[in-house]
Amino acid sequence: MSDDKTFRTSRLTFKGYNNDFITSISAPFLHLVEGVYQYARIDHYYICILVTPGLLARFSGFLHLGLTVLSFRCMVDNTATWPRQLEAKAHQCRVTCVSRRVKIATYSAYAILQLIRFGLPREDFPFTTMSASLNAQPGTSSKTKPHVIITIGMAGAGKSTFVQRITSYLHSQNPPQPPYILNLDPAVTHVPFEANIDIRDTVNYKEVMKQYNLGPNGGILTALNLFTTKFDQVLELVEKRADTVDHIILDTPGQIEIFTWSASGAIITDAVASSFPTVVAYIIDTPRTTAPATFMSNMLYACSIMYKTKLPFILVFNKTDAQPHDFAIEWMQDFEAFQVALASHSGSRDSEGEPTYMNSLMNSMSLVLDEFYKHLKAVGVSSTTGAGIKEFFDAVEESRETYRTEYLPELERARAAREKSLQDIKEDSINRLMKDLAVDRAANPKAAAEDRWASDEEDIDDDDELEVNLIDRSEEPYPGQYIDVTRMRGHSENINWPNPG
Ligand SMILES: Nc1nc2c(ncn2[C@@H]2O[C@H](COP(=O)(O)OP(=O)(O)OP(=O)(O)O)[C@@H](O)[C@H]2O)c(=O)[nH]1
């Protein structure tokens, strides 16, 4: 079919057959369904809706849009919570239901269709939409999404002290705005704040080192990897608190590369950034950055993290009580000032008075970094005295707009590209399958009739299989592999960790 169009959002797949359908209905429909997806994820609903044209006279006049809800699959573990209002509407639905699960999915699909048709107010709809809450403005009734602050920095830069300081700043607001804190450093012995979720409650880092025969860095990395396997549960916990908190703070391991260059660091960052407005706070130890070479290395590191995460980025020059950060701002804004500092620094010239190789390299690098500095916000803070913390939060607020205008479109583009490549692979394998079938049919014309699926057959077995798989993973995991993120500290001593191979 030449005008066949397939498009997706999140886990949902839609199939439309003409452009009218796509232009007239896709935007509001997808918008609402995105909300269902989100609701579904939180409360264990897994819904897939396929939409095709024609046939839908039974959906009360919706036919003019040429839309049919053809089939859906849904798994529900507690239908008792299904909103009464939705039940009432759903009973008007005359679609023949082949199983209880499909019936429930039918209800949800029907509710969406009704919503579009009658333009019911959003409050009548039980599902919240991610994009709606992201776009919500301060002052309107719907609360804005909490802002995620990921603190990253070299060991000893003051990340934990900084998290403690911004936490106490938020507590001191009127009214207090206690943040939701995640500690992702499994090796830290003491944190100066009360973390809501602490990786140490889940994974015993020393036990991991022992069982896997690893050194300290390998132990931290493996502990983070194990924790990441359960990060969907962490996200669920965070999402449940999203209505009551304004800030979610992530404190990361001091071994910076373990978080910034590992798969688990990327998964955690991408997972939170696709659910909440997110900003990276890169903490710099200002007194240790006064040498041009150290400053340059720090900036290069920051630059690599920014381009890797593509998230809004704030340079936080910490410990300004010990060393004001003016020199750094000057070097960032005035290329020549940095050149002068570089030239005057000892070791910048060799025995013959020529600039050293390192000096020339840093000179050229500073030109490259000039472009990077333009995309940055820099603030000076003292986690000890609390100076500059307000300016930091101003920068966080400003970054919300950058997230919306730059990160989200980029995320959408990446998603679309991934979906397209998956679709191409699928189409390719379907084409090959069809070719094989044609050859088969030519060889044995009667086989197709024997294999045909009887329409009155229940497809319940398929559903059950799917359900068991999903429940197995989240509720009855394989022995020794389960990490309960909610478990209390001190219970993880005798865990048999899975073999990484
Ligand atoms: N003078 C001064 N010292 C600070 C400041 N912030 C942190 N420190 C000190 O810096 C040291 C390291 O602070 P931490 O908060 O443990 O640093 P971290 O980055 O979390 O360290 P890791 O956990 O190893 O990654 C501690 O001795 C803090 O007291 C500050 O604003 N001013």
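In listed order, ligands and their atoms are each counted from 1. We count residues from 1, following the sequence as given. Quick note: numbers below take in every heavy atom, side chains included, and nothing from hydrogens, waters or symmetry partners.
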### Query
How far apart are the C-alpha atoms of Y403 and H147, what are their side-chain angles, what is the distance that settles it, and do they pass the side-chain contact (heavy atoms from CB on, under 4.5 Å) test?
CA-CA 10 Å; Y403 171 85; H147 215 136; 5.7 Å; no
### Task
Answer whether the closest heavy-atom distance between the side chains of I256 and I305 falls below 4.5 Å.
yes
### Summary
atom 8 (N) of ligand 1: closest protein heavy atom, distance to 0.1 Å, is K319 CE, 3.6 Å
### Message
Quick check on ring-ring contact (aromatic ring centres under 6.0 Å, His included): which of F393, F276, Y180 does H247 satisfy it with?
### Response
F393
### Task
Provide, to 0.1 Å, the distance between atom 1 (N) of ligand 1 and the closest protein heavy atom, together with that atom's residue and name.
D321 OD2, 3.0 Å
### Message
Show the atoms of ligand 1 that are less than 4.0 angstrom away from any heavy atom in G254.
### Response
25 (O)
#### Entry: Exam field: side chain N318 to backbone T286, donor-acceptor pair closer than 3.5 Å
no
### Sub-6.0 Å ring centroid separation between Y169 and F392
no
### Heavy atoms from other residues, nucleotides or ligands near CG of N213 exceed 12 (cutoff 6.0 Å)
no
### Query
What residue and atom, counting heavy atoms only, is the protein's closest point to atom 22 (P) of ligand 1, and at what distance?
G156 N, 3.8 Å
### Interfacing atoms of ligand 1 (cut-off 4.0 Å, heavy-atom, S382)
31 (O)
#### Entry: N/O separation below 3.5 Å, V188 to ligand 1
no
### Query
With atoms numbered from 1 as shown, which atoms in ligand 1 lie under 4.0 angstrom from a non-hydrogen atom of S383?
6 (N), 30 (C), 31 (O)
### Query
More than 12 foreign heavy atoms under 6.0 Å from NZ of K210: is that the case here?
no
### Summary
The protein heavy atom nearest to atom 18 (P) of ligand 1 is K159 N, 3.4 Å
### Task
Looking only at protein heavy atoms, identify the closest one to atom 14 (P) of ligand 1 and say how far it is in Å.
T161 OG1, 3.5 Å
### Query
Do any non-hydrogen protein atoms sit less than 4.0 Å from atom 26 (C) of ligand 1?
no
### Query
Which residue from D185, T384, T189 reaches closest to atom 3 (N) of ligand 1 through any of its heavy atoms?
T384
